[in-house]
2 protein chains.
Amino acid sequence: MDNLIKILQSRNIHPSYQRLKILEILEKNKDHMNVNMIFEELLKEIPTISKTTVYSTLSTFAAKGLVHCLTITPEEMKYDYRAKPHHHFLCTRCGAIIDIDVQCPYADTMEIDGHSIEDIQGYFKGTCRECLTHNKTQTLK
Amino acid sequence: MDNLIKILQSRNIHPSYQRLKILEILEKNKDHMNVNMIFEELLKEIPTISKTTVYSTLSTFAAKGLVHCLTITPEEMKYDYRAKPHHHFLCTRCGAIIDIDVQCPYADTMEIDGHSIEDIQGYFKGTCRECLTHNKTQTLK
DNA sequence: TTTCAATTTTGTATTAAATATTATTTTATA
DNA sequence: TATAAAATAATATTTAATACAAAATTGAAA
Ligand SMILES: [Mn+2]
Ligand SMILES: [Mn+2]
Ligand SMILES: [Zn+2]
Ligand SMILES: [Zn+2]
């Protein structure tokens, strides 16, 4: 927990109880959670938590570079808490979002066609390995 | 217009008046329009057009591979009508979405980590060339 | 400690993209 | 022409995200 406090302080984010709990949840489930998943987890420990706080905290985290925002699905934002930049695969059958460690030739580039790059997101979409082998039928839009 | 009919027929899409007009708009403004932009354009020629029709038509076009769906912004879906696959740059200052012709090493790959790829989307985000030179101040979220 | 401003959290209301549902219109076919 | 299927339109609903204001908490000055 002391570790989490330092993480927030190093980014000039006041380590409130709510923010620490949200960071803890992101650390624990290193997946690609949406606001509702985080909110539901929080409810277990902070019954008074407000969804507005989750939105505002994630917005703060994103602004300070603590989390990355994924728009891989059109429904809602997914939040990624992982140090190394990486790409993602979205399975259109089961909805899984899988980390892809590709070596993007622009990963270390700060500029492209004269535009200054601050973030790179690579989205691969298709059918995941699991679904291919199990030959599942359900297909997401 | 005969050309547009053939495009739809070649993909087994019945060339209704509404669909042809939507395709025409997509051809004319080869940009990255959202449903509302297309709807507003349509209203000029088809005052009775329904937004539901725009949604359903674009959904059909996407299913048949006529358009590509971009989730580069979290607000709403953008539709891309261009033959060659390409990547995109989003300027977080002015909101411009610019085509990027990068040579992605996975562009011609159909598989990654055992997952079958059907679509690849590369999103670069930052400050566009225009904004850099004009040093504009407004910043989008 | 007390006071007070700034920050953070919460509750509520609102916005708007997207979908669902049903009715109407158009098209194709027997 | 009659009928079924497909496409369009109108309306209602859902829900992620934001806006706004009130309440609570924090931190520093007095
Ligand atoms: Mn990830
Ligand atoms: Mn494009
Ligand atoms: Zn899958
Ligand atoms: Zn710009």
Side-chain angles (χ1 to χ4, degrees), chain A residues 4-5 8-9 11-25 32-43 45-64 66-67 69-79 92 95 97 139-141, chain B residues 4-5 8-9 11-25 32-43 45-64 66-67 69-79 92 95 97 139-141:
Chain A
L4 297 180
I5 292 178
L8 292 185
Q9 281 173 340
R11 308 241 180 189
N12 285 318
I13 305 170
H14 179 81
S16 71
Y17 181 62
Q18 287 85 345
R19 284 169 177 169
L20 284 169
K21 280 297 167 190
I22 290 174
L23 186 57
E24 194 177 52
I25 288 171
H32 310 99
M33 307 181 85
N34 62 28
V35 163
N36 223 41
M37 291 157 77
I38 296 168
F39 177 69
E40 292 295 334
E41 279 300 307
L42 281 169
L43 275 181
E45 297 199 60
I46 316 177
T48 60
I49 191 77
S50 159
K51 205 172 269 188
T52 308
T53 303
V54 186
Y55 274 105
S56 117
T57 299
L58 289 169
S59 174
T60 301
F61 284 6
K64 303 282 185 173
L66 250 187
V67 296
C69 301
L70 305 187
T71 60
I72 191 167
T73 58
E75 297 85 27
E76 85 271 291
M77 188 77 82
K78 300 286 197 315
Y79 294 88
T92 51
I97 296 174
T139 301
L140 301 178
K141 148 220 49 190
Chain B
L4 297 180
I5 291 178
L8 292 184
Q9 281 172 340
R11 307 237 180 193
N12 285 317
I13 304 170
H14 178 82
S16 71
Y17 181 63
Q18 287 85 345
R19 284 168 177 169
L20 284 168
K21 280 298 168 192
I22 290 175
L23 187 57
E24 194 178 52
I25 288 170
H32 310 97
M33 307 181 87
N34 61 29
V35 164
N36 222 42
M37 291 157 77
I38 296 168
F39 177 70
E40 292 295 335
E41 279 298 308
L42 281 170
L43 275 181
E45 297 199 57
I46 317 176
T48 59
I49 191 76
S50 158
K51 206 172 269 187
T52 309
T53 302
V54 186
Y55 274 105
S56 118
T57 299
L58 288 170
S59 176
T60 301
F61 284 7
K64 304 281 186 175
L66 250 187
V67 296
C69 301
L70 306 187
T71 60
I72 191 168
T73 58
E75 297 86 26
E76 85 272 290
M77 189 76 81
K78 301 287 199 311
Y79 294 88
T92 51
I97 296 174
T139 301
L140 302 178
K141 145 216 49 175

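Only a predicted model underlies this, so the values are computations on that prediction, with no experimental measurement involved. Order of the sequence lines sets the chain letters (A, B, ...), proteins ahead of strands, with each chain counted from 1.
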For [X] and [N], what is the distance between atoms [atom1] and [atom2] respectively, to the nearest whole Å?
X: A/Leu42; N: C/dT9; atom1: CG; atom2: C1'; answer: 13 Å
X: B/Ile13; N: D/dA5; atom1: CD1; atom2: C1'; answer: 18 Å
X: A/Leu23; N: C/dT8; atom1: CG; atom2: C1'; answer: 17 Å
X: B/Asn12; N: D/dA7; atom1: CG; atom2: P; answer: 11 Å
X: B/Tyr17; N: C/dT27; atom1: OH; atom2: P; answer: 13 Å
X: A/Glu76; N: C/dA16; atom1: CD; atom2: P; answer: 20 Å
X: B/Lys78; N: C/dA16; atom1: NZ; atom2: C1'; answer: 13 Å
X: B/Met77; N: C/dA17; atom1: CE; atom2: P; answer: 13 Å

With distance as the sole test, does B/Thr71 use its side chain to make a donor-acceptor pair with the main-chain N or O of A/Thr73 at under 3.5 Å? no
Side-chain donor/acceptor of A/Ser59 to backbone N/O of A/Tyr55, under 3.5 Å: no
For DNA chain D, what residues of residues 49-64 of chain A have any heavy atom nearer than 4.0 Å? A/Thr52, A/Tyr55
With the threshold set at under 4.0 Å for non-hydrogen atoms, list the residues of residues 32-40 of chain B touching DNA chain D in residue-number order. none
Interatomic spacing from NZ in B/Lys78 to CD1 in B/Ile97 - rounded to 0.5 Å: 4.5 Å
At what distance, to the nearest 0.5 angstrom, does CG of A/Leu20 lie from NE2 of A/His14? 9.0 Å
Over all atoms of both residues, closest heavy-atom pair of [X] and [Y]:
X: A/Ser50; Y: A/Phe39; result: C-CE1, 4.0 Å
X: B/Glu41; Y: B/Ile25; result: CB-CD1, 3.5 Å
X: B/Leu70; Y: B/Met77; result: O-SD, 3.5 Å

Selection from D/dA7, C/dT10, D/dG27 that lies nearest to any side-chain heavy atom of A/Ile46: C/dT10
Just compare C/dT9, D/dG27, D/dT8 and give me whichever is closest to any side-chain atom of B/Arg19. D/dT8
Would you indicate, yes or no, if D/dA9 has its OP1 or OP2 atom less than 4.0 angstrom from a side-chain nitrogen or oxygen of B/Gln18? yes
Quick one: are [X] and [Y] in side-chain contact, heavy atoms under 4.5 Å?
X: B/Thr60; Y: B/Leu66; answer: no
X: A/Lys21; Y: A/Leu42; answer: yes
X: B/Lys64; Y: B/Leu8; answer: no
X: A/Phe61; Y: A/Arg19; answer: yes

Take the C1' atoms of the five end pairs on each side of the helix from C/dT1-D/dA30 to C/dA30-D/dT1, get both axes, and report the angle to 10 degrees. 10°
